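Here the structure is a predicted model, which is why all the values come from computation and not from measurement.
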Amino acid sequence: MNKAKIIIIGAGLSGLMIAYLLQKKGLEVILLEADNRIGGRIQTIIGPTGVTIEMGATWFSNPHQNLIALLDEFKIAYFKQHTRGISFFETMSFVPPQKFEISDTEESSYRIVGGTAKLIEKLTAEVGIHNIKTQTKVTAIKEVGNHLEVTTSDGSQYLGDKVISTLPPHLLVQTILFEPILPDSIQQLARKTHTWMGESIKFAVEYASPFWRENNYSGTLYSQASIIQEMYDHSTADNIGYALKGFLNGGTYTMSKDERQEKVILQLTKLFGNEAENYIEYHEKIWREEPLTFFPYEQLVMGHENNGHADYKTPFLNNKLYISGSETASQNPGYMEGAIVAAKNIVSQF
């Protein structure tokens with residue numbers, strides 16, 4: 001039996017931030033992460049040209065002050081999203097796209113230099129890799145006297161004074177058995193809480209040069225007509241790696257990767273000309289195929305539904321179980337900002 005003061009389930013941004021803040025208070029923590037990697041819905045991959053590509057959380061803006069303060073504290077640089085040039089808006093497939101330019105006075109979005117994973121790497125170093133157990137999937141939580149006993153898929157057990165879950169609430173109640181069972185009201189709420197990014201398909205197309213910029217295009221696209229629904233320039237801060245990145249129509253997860261790739265390149269070629277066909281690599285991430293993030297809903301759940309619900313503020317199992325994570329944040333739920341706000345809210349109770 002492994003013993004720890006506080007057991008944190010999930011080593012994404014929220015879990016790592018909770019661990020970091022609790023350690024600052026002198027408390028002992030252990031993080032249990034089901035995946036073989038740390039970061040949760042933050043995942044930066046590196047393409048063959050060296051371009052960093054975000055398959056998960058990417059952008060933030062000036063209102064996200066908790067995130068910006070953390071980046072400043074860690075001396076992690078960030079840069080403004082490139083929007084200069086002509087952008088496209090497609091309304092219908094048989095109508096030429098509308099062209100527009102994004103004003104410099106609009107609220108800027110930012111990206112982290114070197115990729116969002118820089119934040120995860122820094123937090124992991126601060127918390128200590130020895131305090132994080134990957135490939136450790138929690139299957140049951142049982143109240144045993146004044147403690148909670150956490151069982152993992154390989155039969156290992158951990159005993160903690162407190163347990164903090166940072167899993168999406170819907171995933172939590174669908175994949176972990178509780179003894180005694182959680183109140184019906186919180187189970188129903190969790191089943192009706194939207195999992196941020198759960199239905200998203202992120203894609204990126206990597207290029208040897210930013211041909212769109214050279215032709216005075218921003219790389220920004222909004223479309224109601226084709227497979228790409230939203231797209232932005234995804235070149236690196238130092239402009240030595242180039243890509244276009246965005247979101248595909250969520251319904252296209254039923255297609256094969258080859259089919260999606262073909263449709264993406266066709267759409268880009270229609271917009272930008274034949275140069276779009278000369279790509280280095282196509283990348284994608286279907287978040288609904290990540291069982292450690294997404295669990296299918298039994299009923300229709302709307303985007304952001306019940307995110308930030310007040311009932312998540314109350315601890316359960318005689319004040320030993322806390323439900324946290326970005327979906328529970330009182331501000332900006334679902335975003336990186338929300339993950340940090342949720343962490344701060346929980347830690348303030350310790």
Side-chain angles (χ1 to χ4, degrees), residues 12-18 20-21 39-44 52 54-84 87 89 100-120 122-123 166 168-169 193-200 202 218-222 229-237 245-247 287 302-310 312-313 323-349:
L13 178 54
S14 227
L16 291 167
M17 188 69 187
I18 289 168
Y20 172 64
L21 295 173
R41 284 168 280 181
I42 290 175
Q43 186 178 16
T44 307
T52 49
E54 304 303 344
M55 290 285 107
T58 307
W59 297 279
F60 59 96
S61 56
N62 284 321
H64 295 183
Q65 284 298 313
N66 290 281
L67 173 59
I68 288 170
L70 185 65
L71 294 172
D72 291 345
E73 180 189 339
F74 288 158
K75 297 182 169 53
I76 295 173
Y78 51 94
F79 67 108
K80 188 174 176 291
Q81 169 67 42
H82 176 84
T83 55
R84 192 179 305 118
S87 300
F89 178 49
F100 67 99
E101 296 208 27
I102 295 167
S103 164
D104 276 348
T105 60
E106 276 199 32
E107 176 72 63
S108 297
S109 286
Y110 299 99
R111 287 162 47 209
I112 293 172
V113 174
T116 316
K118 291 290 177 205
L119 181 54
I120 297 299
K122 178 63 177 170
L123 277 167
T166 66
T193 298
H194 178 248
T195 297
W196 184 254
M197 212 141 70
E199 301 82 4
S200 294
K202 288 223 165 175
S218 65
T220 302
L221 161 71
Y222 301 104
Q229 292 190 320
E230 255 184 75
M231 184 179 75
Y232 306 93
D233 182 297
H234 204 63
S235 305
T236 56
K245 188 207 100 160
F247 299 86
W287 281 97
M302 306 302 286
H304 267 324
E305 187 170 350
N306 288 320
N307 283 186
H309 197 286
Y312 289 124
K313 290 186 167 68
I323 299 177
S324 186
S326 190
E327 278 80 5
T328 72
S330 52
Q331 299 158 257
N332 300 109
Y335 294 91
M336 290 186 279
E337 173 75 1
I340 293 167
V341 167
K344 287 185 168 182
N345 287 346
I346 286 291
V347 171
S348 70
Q349 297 179 54

Examine the side chains of Tyr232 and Ser109 and answer whether a donor and an acceptor come within less than 3.5 Å of each other.
no
Quick one: OG on Ser108 to OH on Tyr78, what's the gap to the nearest 0.5 Å?
11.0 Å
To the nearest 0.5 Å, what is the distance between NZ on Lys118 and CG on Leu71?
13.0 Å
When you compare the side chains of Ser218 and Ser87, does any donor N or O come within less than 3.5 Å of an acceptor on the partner?
yes
Any idea which heavy atoms bring Asn332 and Glu337 closest together, and the distance?
OD1-CG, 3.5 Å
By salt bridge (Lys or Arg N to Asp or Glu O under 4.0 Å) - contacts of Glu305 (at least two apart):
Lys192
Roughly how far, to the nearest 0.5 Å, is OG1 of Thr220 from CD of Glu230?
9.5 Å
Got a second to check how far Gln65's CD is from Phe60's CZ, nearest 0.5 Å?
10.5 Å
Could you tell me the separation between the OG atom of Ser326 and the CE atom of Met17, rounded to the nearest 0.5 Å?
13.0 Å
What are the two closest non-hydrogen atoms of Gly40 and Trp287, and how far apart are they?
O-CH2, 3.8 Å
Quick one: pull up OG in Ser61 and CG in Leu67 and give me the separation to the nearest 0.5 Å.
9.5 Å
Residue list, side chain to side chain contact (heavy atoms under 4.5 Å, CB included) with His82, at least two apart or on another chain
Arg84, Arg213, Asp233
Between Thr328 and Pro169, what is the shortest heavy-atom contact and its length?
CG2-CG, 4.2 Å
Met336 and Ile42: side-chain contact (heavy atoms from CB on, under 4.5 Å), yes or no, with the steps?
CA-CA 9 Å; Met336 290 186 279; Ile42 290 175; 4.0 Å; yes
Carefully, step by step, assess Thr58 and Lys245 under the rule side-chain contact (heavy atoms from CB on, under 4.5 Å).
CA-CA 10 Å; Thr58 307; Lys245 188 207 100 160; 2.6 Å; yes
Pick out which of Arg111, Arg41, Glu54 makes a side-chain hydrogen bond (donor to acceptor under 3.5 Å, both in side chains) with Thr116.
Glu54
Please give me the minimum heavy-atom distance between Lys122 and Ile76, naming the atom from each residue.
CB-CD1, 4.1 Å
Looking only at heavy atoms, the pair that brings His304 and Pro333 closest together is CE1-O, 2.8 Å
Geometric class of the Trp196/Tyr335 ring pair [parallel <30°, tilted 30-60°, perpendicular >60°]
tilted
In the structure I gave you, are the side-chain heavy atoms of Gln331 and Pro63 within less than 4.5 Å of one another anywhere?
no
Give the minimum heavy-atom separation between Lys202 and Gly56, together with the two atoms involved.
NZ-O, 2.7 Å
Any donor-acceptor N or O pair under 3.5 Å, side chains Thr193, Glu327
no
Checking side-chain contact (heavy atoms from CB on, under 4.5 Å) between Ile18 and each of Leu13, Thr166, Asn345, which is the one that passes?
Thr166
